[in-house]
Amino acid sequence: MGSLTPALDTLDKKRAKPTRRRRSRQLRERDLSGGIRPVRRKSLFGRLREHPLSYGAAVLLSVVVFCSISAPLLSPHAPDTIDVAKRHLPPSVSHPFGTDDMGRDLLVRVMQGGRISISVGVSAMVFALLIGVMGGGIAGYFGGILDSIVMRMADVMMSIPVLLIILLCSSIFSPGFLLLCLFIGSIQWMEVARVVRSVVLSTRENEYVDAARALGVPDLRILFRHVLPHTSGPVLVAATLGLAQAIMIETTLSFLGFGLQPPAVSWGSLLRNAQGYLATAPWVAIFPGLMIFLTVFCCYLLGDFLKSALDPKDQSLRQNTARS
Amino acid sequence: MAVYVLKRVLGLVPLVVLVTAVCFALMHAIPGGPEGVLADNPKVKPDDLARIRANFGLDRPLVVQYGLWLKRVLLHADFGYSYVTGEPVIRMIGRRLPATLELMGSAFLLSLLIGLSIGVVSALKKHTTLDSVLTVGSIAVISVPLFWLALMSMMLFAVQWRLLPSAGMHTLGAPFSVLDHLRHLVLPTMVLSLTLVASWSRYTREALGDVLTADYIDVARAKGLSNAAVLFRHGLRNAATPVITVVAMSVPILFTGSVIVEMVFSWPGMGRLFYEGLLRHDYTRLMGIVLVSSLLVAVFNLLADCLYGIFDPRVRYAR
């Protein structure tokens, strides 16, 4: 008995809802707001699907990451077995990327290298985000002397050849995984800090921040609970771009021989000996570099997409959704 | 203007302090300290080591040492002696610096020319197919690792097509000729400038795009000025400030890029000197190069600041 009435209720609602919606749509289409039609914002993923270039980049990036993570499961050959008889075989069906100067399958080596390059990149980026968000948040929220110290530091680090200093450090300390990530992260936090600081500067002027302060909430708690969450969009963008740059720095360091030391392989160290074989075995030089390029390119494309997708003021993507 | 320049010069103090402090700290972080390399040498006896330490003042408090070292570095450009060759570091750098400056200078001018032109074209054709092709293209170029670009261009232009020489500054054994030298310069310059071209064109597009929507551009058009006059007198001049910022901020990239390019193309410049120093753990040389490059970058930043003052009078009176 009791179950019948709710069912009828929902039926009624089902009938009522479309009309209400239609009416509101008619209202909207009557163009009350001077030509700007309000458009419902789609989910991030929905907007990604409508952007073929960025969608392709996301798919490709996932494939690269997946192949690198599951390298030991997918590889048809052993990564380290030296077989001089198979030295410098050109790309074929059994060795799609060819073999290197020790007769090792290059595809397997590239997958192994991806594990290092991507994991160093991600860890370094996380580290850069930690420093950047903390530094930028504190600088923006507290202002004054803290602000000038942090931002002055960022300015200085942005205007010196930091990579030379990192190379020097790597030559002195010959870093392991963690130290390498710290090195790379420590020259990347400045951009994050600048972005976070600018968002925090505008967010801390909101009434709810005053309200929280009036309630006696401690400053750090306000910063973490009410201010920093607003930086998530720009930080996500910075993270994507930072990942690209971190991979670039890591591969550069290992190309010069100052990344992780053998037997660890990275996309950079795979290219280290390639210069001598440019005439006889060009594939050794082509494929690892191509992987770096593709990964970094996808990250940049995604970052570019996120920048306009997460920016409420950006109209270019909205217009796309409005038209479709 | 003089006051403005003076303020900018004072603004460089934190930079110099930070860079020198980091270098000094690193020198003492080397296992065994600054004289650690000598300790590995079996011919150097412990009492020799003690004498060296006393002679170089390494037994005094760190702050005093830093002060003395800073005085030597800044006043006498004395970066010490190379651990490997025993030569004064400043002389080694002085010998290699011209080649590097030549490479960086030509790459800088080339990127300025091409980058700005591409940027202006895409700003004028904003939201057209050409613009989006150029934008995606420049993202692609930024994503190419410099060392791979160097390898690939060497493979194509020097190995496959044999158009250009692959290494060095001139053909070995041949008499010096300008043409031969320029042929050797082409590949390194192209490689070093390509990333800069991409990023500068993007920033020019943004900056000029913002300016072109401003009211004073409409006013200039309404006055009946020609398109070229609007673009050069009102557009580019106002877009100059952000572009100068980016150009000045890219100078460190030239220095790190020159290490890679000079290594791949065997260009006998400071970058290659740095790379050789890395391989041989010649720390005094490395410190010297880091310091010289940082100071050169600082000078560039100072120049950029002065250019702001010229292009944008508001900057001179601010603060």
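These figures come from a predicted structure and were not determined experimentally. All values below come from the heavy atoms of this structure, side chains included, with hydrogens, waters and symmetry mates left out. A, B, ... follow the sequence lines: proteins, then strands. Residue 1 opens every chain.
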- Task: Quick one: do B:L26 and A:F173 satisfy side-chain contact (heavy atoms from CB on, under 4.5 Å)? Show the steps, please.
- Result: CA-CA 10 Å; B:L26 279 177; A:F173 300 110; 3.9 Å; yes
- Message: Test side-chain contact (heavy atoms from CB on, under 4.5 Å) on B:F300 and A:S159; report intermediate values, then the result.
- Response: CA-CA 10 Å; B:F300 254 95; A:S159 55; over 6 Å; no
- Task: Report the C-alpha distance between B:L146 and A:T252 in whole Å, list the side-chain angles of each, state the deciding distance to 0.1 Å, and finish with yes or no for side-chain contact (heavy atoms from CB on, under 4.5 Å).
- Result: CA-CA 8 Å; B:L146 194 62; A:T252 305; over 6 Å; no
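No part of B:L295 comes within reach of chain A, as not one of its non-hydrogen atoms sits under 4.5 angstrom from that chain. A:L294 does not touch chain B: none of its heavy atoms, backbone or side chain, sits under 4.5 Å away. For chain A, the nearby parts of B:V144 are the backbone and the side chain; heavy atoms of each come within less than 4.5 Å. B:L18 touches chain A through its side chain: at least one heavy atom from C-beta onward sits under 4.5 Å away, while N, CA, C and O do not. A:D155 does not touch chain B: none of its heavy atoms, backbone or side chain, sits under 4.5 Å away. In this structure, the portion of B:V22 lying under 4.5 Å from any heavy atom of chain A is its side chain and not its backbone.
Of residues 239-251 of chain A, those residues lying under 4.5 Å from chain B by any heavy-atom pair are A:M248, A:T251.
The residue among A:L271, A:L163, A:L167, A:I286 with the most heavy atom pairs within less than 4.5 Å of chain B is A:I286. In terms of non-hydrogen atom pairs under 4.5 Å with chain B, the most contact-rich of A:F255, A:W267, A:F258 is A:F255.
Panel note: side chain B:W148, backbone A:A285; a donor-acceptor pair is recorded below 3.5 Å.
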